[in-house]
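Read through the structure below, which is laid out as structure tokens, and then see the notes.
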Amino acid sequence: SLFVKNFMFVLNMKQQSYLTSNNLPVQLSIFMLIYTTYFFYSMYVLNGQTVGKMVYKLTTINDSFAFDEEVKDHTLSLSQAWRRTFGYLACYFSFGTFFLFSFMSEDKRGAPDYFSQTRTVSNEWLSGMIAFKEISHEEVKIDITALDRAA
């Protein structure tokens with residue numbers, strides 16, 4: 001009802017009360033809009049962290065960042081954020097049965113992870129991997145003429 005009151009203020013009071021009182025399709029569509037917006041915003045704008053992931057110090061990253069040494073950016077692309085959001089919606093539309101997939105998979109990744117090619121990791125692991133990739137890509141330049149003087 002707060003959503004209708006705050007964002008549909010152009011409607012008169014009678015129309016607002018009709019939308020908020022026992023109108024299940026409208027309530028479900030508003031819920032889906034808020035739910036989809038929250039997850040997409042968290043995945044794309046907040047770099048893969050929902051409020052719960054912030055509390056538990058977890059981040060959702062691009063799956064190829066963990067395995068491909070050439071990939072330096074761990075953030076999700078726009079496409080991955082949308083696919084992950086719709087993966088969560090599919091889990092809810094399946095009445096939670098797709099959530100069981102994460103318990104059955106070997107690496108504990110859920111259906112949204114596989115659908116969007118992402119994975120959730122701890123912030124500690126992520127900072128270590130970023131530091132490792134920075135060190136492994138450093139270039140060492142040796143001046144050969146200076147070696148002659150040192151010998």
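All heavy atoms count here, side chains included; hydrogens, waters and symmetry mates do not.
For the residue pair T75 and N47, no side-chain donor N or O sits within less than 3.5 Å of a side-chain acceptor on the partner.
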* Criterion side-chain contact (heavy atoms from CB on, under 4.5 Å) on W125 and I61, from CA distance to verdict -> CA-CA 11 Å; W125 181 89; I61 63 167; 3.8 Å; yes
* Asked: Between D113 and T120, does a side-chain contact (heavy atoms from CB on, under 4.5 Å) hold up when you go through it step by step?
  -> CA-CA 8 Å; D113 291 321; T120 301; 4.3 Å; yes
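D63 places none of its side-chain heavy atoms less than 4.5 Å from the side chain of T118. Using a 4.5 Å heavy-atom threshold, the side chains of L89 and T36 count as touching.
Rounding to the nearest 0.5 angstrom, the gap separating the CZ atom in R83 from the OG atom in S77 is 6.0 Å. One distance of note links CE of M43 with CD of Q80; it measures 11.5 Å at 0.5 Å rounding. Atoms CD and CG, on E124 and L58 in that order, are 11.5 Å from each other to the nearest 0.5 Å. Note: R119 CZ to Y114 OH = 7.5 Å, rounded to the nearest 0.5 Å. Atom OG1 in T60 sits 2.5 Å away from atom NZ in K53 (nearest 0.5 Å). To the nearest 0.5 Å, the span separating CZ on R109 from OG on S116 amounts to 8.0 Å.
The side-chain hydrogen bond (donor to acceptor under 3.5 Å, both in side chains) search around Y88 returns R84, not counting sequence neighbours. Not counting sequence neighbours, the partners of Y38 by the side-chain contact (heavy atoms from CB on, under 4.5 Å) test are S42, T50, V51. Listed by chain and residue number, L46, Q49 satisfy the side-chain contact (heavy atoms from CB on, under 4.5 Å) test with M54 (two or more places apart in sequence, or in another chain).
Of the residues F86, Y92, F40, the one that meets the ring-ring contact (aromatic ring centres under 6.0 Å, His included) test with Y35 is Y92.
When hydrophobic clusters are built by joining Ile, Leu, Val, Met, Phe, Trp and Tyr residues whose side-chain heavy atoms come closer than 4.5 Å, directly or via intermediates, V71 is grouped together with I130.
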